[in-house]
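A quick write-up on the structure given underneath.
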2 protein chains.
Amino acid sequence: MPTRTAAQRREEARRRYDAYVATCPSRQLLDALSDKWVSLVLTALARGSLRYSELARTIAGVSQKMLTQTLRTMERDGLVSRTVTPSVPVRVDYRLTPLGENLMPLMEAIKNWAEIHMEDVEAAREAYDRRPAAAP
Amino acid sequence: MPTRTAAQRREEARRRYDAYVATCPSRQLLDALSDKWVSLVLTALARGSLRYSELARTIAGVSQKMLTQTLRTMERDGLVSRTVTPSVPVRVDYRLTPLGENLMPLMEAIKNWAEIHMEDVEAAREAYDRRPAAAP
DNA sequence: CGGCATCCCACATGATACTG
DNA sequence: CAGTATCATGTGGGATGCCG
């Protein structure tokens, strides 16, 4: 049972944290969330837990090193949980924590936006690149 | 007048673009949106246009180089527009395009999430760092 | 004021090889 | 299978200086 309502908590957070301030922890958290791989890992786990190798296959092009590193950071930040089954060979499953499930829809929205508006962005780029340069 | 409804368009985009595929343009767009500065610029312009120097002051800690570079990329991608007033000294204003206004709330949600859940993340980090290491 | 050009380096990331 | 360790490298990003 929380001692604060969601609205109260939101207000307190706004007073305490401001991502526009370079030294604010929330700014560093925003930087961490603005990672190339975090959004993909988060959305990949949307429908339940996945094994390490399943994650690697889902997120094409990610290196072992970056996947492991991203998962470790996300685990430390409380976004994913890691479960080791000591079989032979060992089996490791990752799933979203409640905190990760809370963030996931926001990241999914960004990912969907990128897919849905890709054509608009490509059109904007072509228009920009067609602009005449200033005359000498 | 669009020839497709929003729902139709969404379905087409899902068929055509998949950010999980490394070579898909939408993956590269997602990478671009997952930039350290894009979310801050986008939300800074939420309430209207700002001059270059106002942006620089709002987003503490950003260097001239990175701010300019971020704004150029966002301009090319059709997210912001740039207006030069040829006074002396010159005045340059940036504002969100309709496309940028469409994306902004999603980025603002991420930024707010970081501010609101900072305490949860810090608690998770402390718990993680307190974990006992495996015995030798 | 609002840039762009240049230099430079730390660090993030990729590739490869090895292991419990 | 799921990593860790090591080495190589590309580039993000800061500092500085000049310009319209």
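The figures that follow rest on heavy atoms only: side chains count, while hydrogens, waters and symmetry mates do not. By convention in this document, chain letters (A, B, ...) are assigned in the order of the sequence lines, proteins followed by strands, and residues within each chain are numbered from 1.
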Could you give the CG-to-C1' distance, from A:Asp93 to D:dG3, as a whole number of Å?
15 Å
Compare the minimum distances between each of D:dG13, C:dG3, D:dC1 and the side chain of B:Val92, then state the nucleotide with the smallest one.
C:dG3
Taking only the side-chain nitrogens and oxygens of B:Ser63, find out if one of them lies under 4.0 Å from OP1 or OP2 of D:dG13.
no
Round to the nearest Å and state the distance from B:Gln64 atom CD to C:dT6 atom C1'.
14 Å
Would you indicate, yes or no, if C:dG2 has its OP1 or OP2 atom less than 4.0 angstrom from a side-chain nitrogen or oxygen of B:Arg51?
yes
For the pair A:Ser26 (side chain) and A:Tyr17 (backbone), establish whether a donor and an acceptor sit closer than 3.5 Å, ignoring hydrogens and angles.
no
Interatomic distance where NZ belongs to B:Lys36 and P belongs to D:dG13 [whole Å]
5 Å
What is the distance, rounded to the nearest whole Å, between atom NZ of A:Lys65 and atom P of C:dT16?
14 Å
Measure the distance from CZ on B:Arg72 to C1' on C:dC4 and round it to the nearest whole Å.
9 Å
Under the rule for side-chain contact (heavy atoms from CB on, under 4.5 Å), what residues qualify as partners of A:Ser87, not counting sequence neighbours?
A:Thr85, A:Arg91
Closest approach of B:Leu71 and B:Val80, non-hydrogen atoms and distance?
O-CG2, 3.9 Å
Are any of B:Tyr52's side-chain N or O atoms less than 4.0 Å away from OP1 or OP2 of C:dC4?
no
Does A:Thr68 put a side-chain nitrogen or oxygen below 4.0 Å from OP1 or OP2 of D:dG3?
no
Counting only side-chain nitrogens and oxygens, does B:Tyr94 get under 4.0 Å of the OP1 or OP2 atom of C:dG3?
yes
Per atom distances to the B:Val90 side chain, the nearest of C:dC1, D:dG13, C:dT13 is C:dC1
Can you tell me how far the CZ atom of A:Arg72 sits from the CG atom of A:Leu67, to the nearest 0.5 Å?
9.5 Å
How many whole angstroms separate atom CZ of A:Arg82 from atom C1' of D:dA2?
8 Å
With B:Leu96 as partner, the option from B:Leu103, B:Leu42, B:Leu79 fulfilling side chain to side chain contact (heavy atoms under 4.5 Å, CB included) is B:Leu42
Using whole Å, report how far CG of A:Leu67 lies from P of C:dT13.
13 Å
Length of the CE-C1' vector between B:Met66 and C:dC4, whole Å:
15 Å
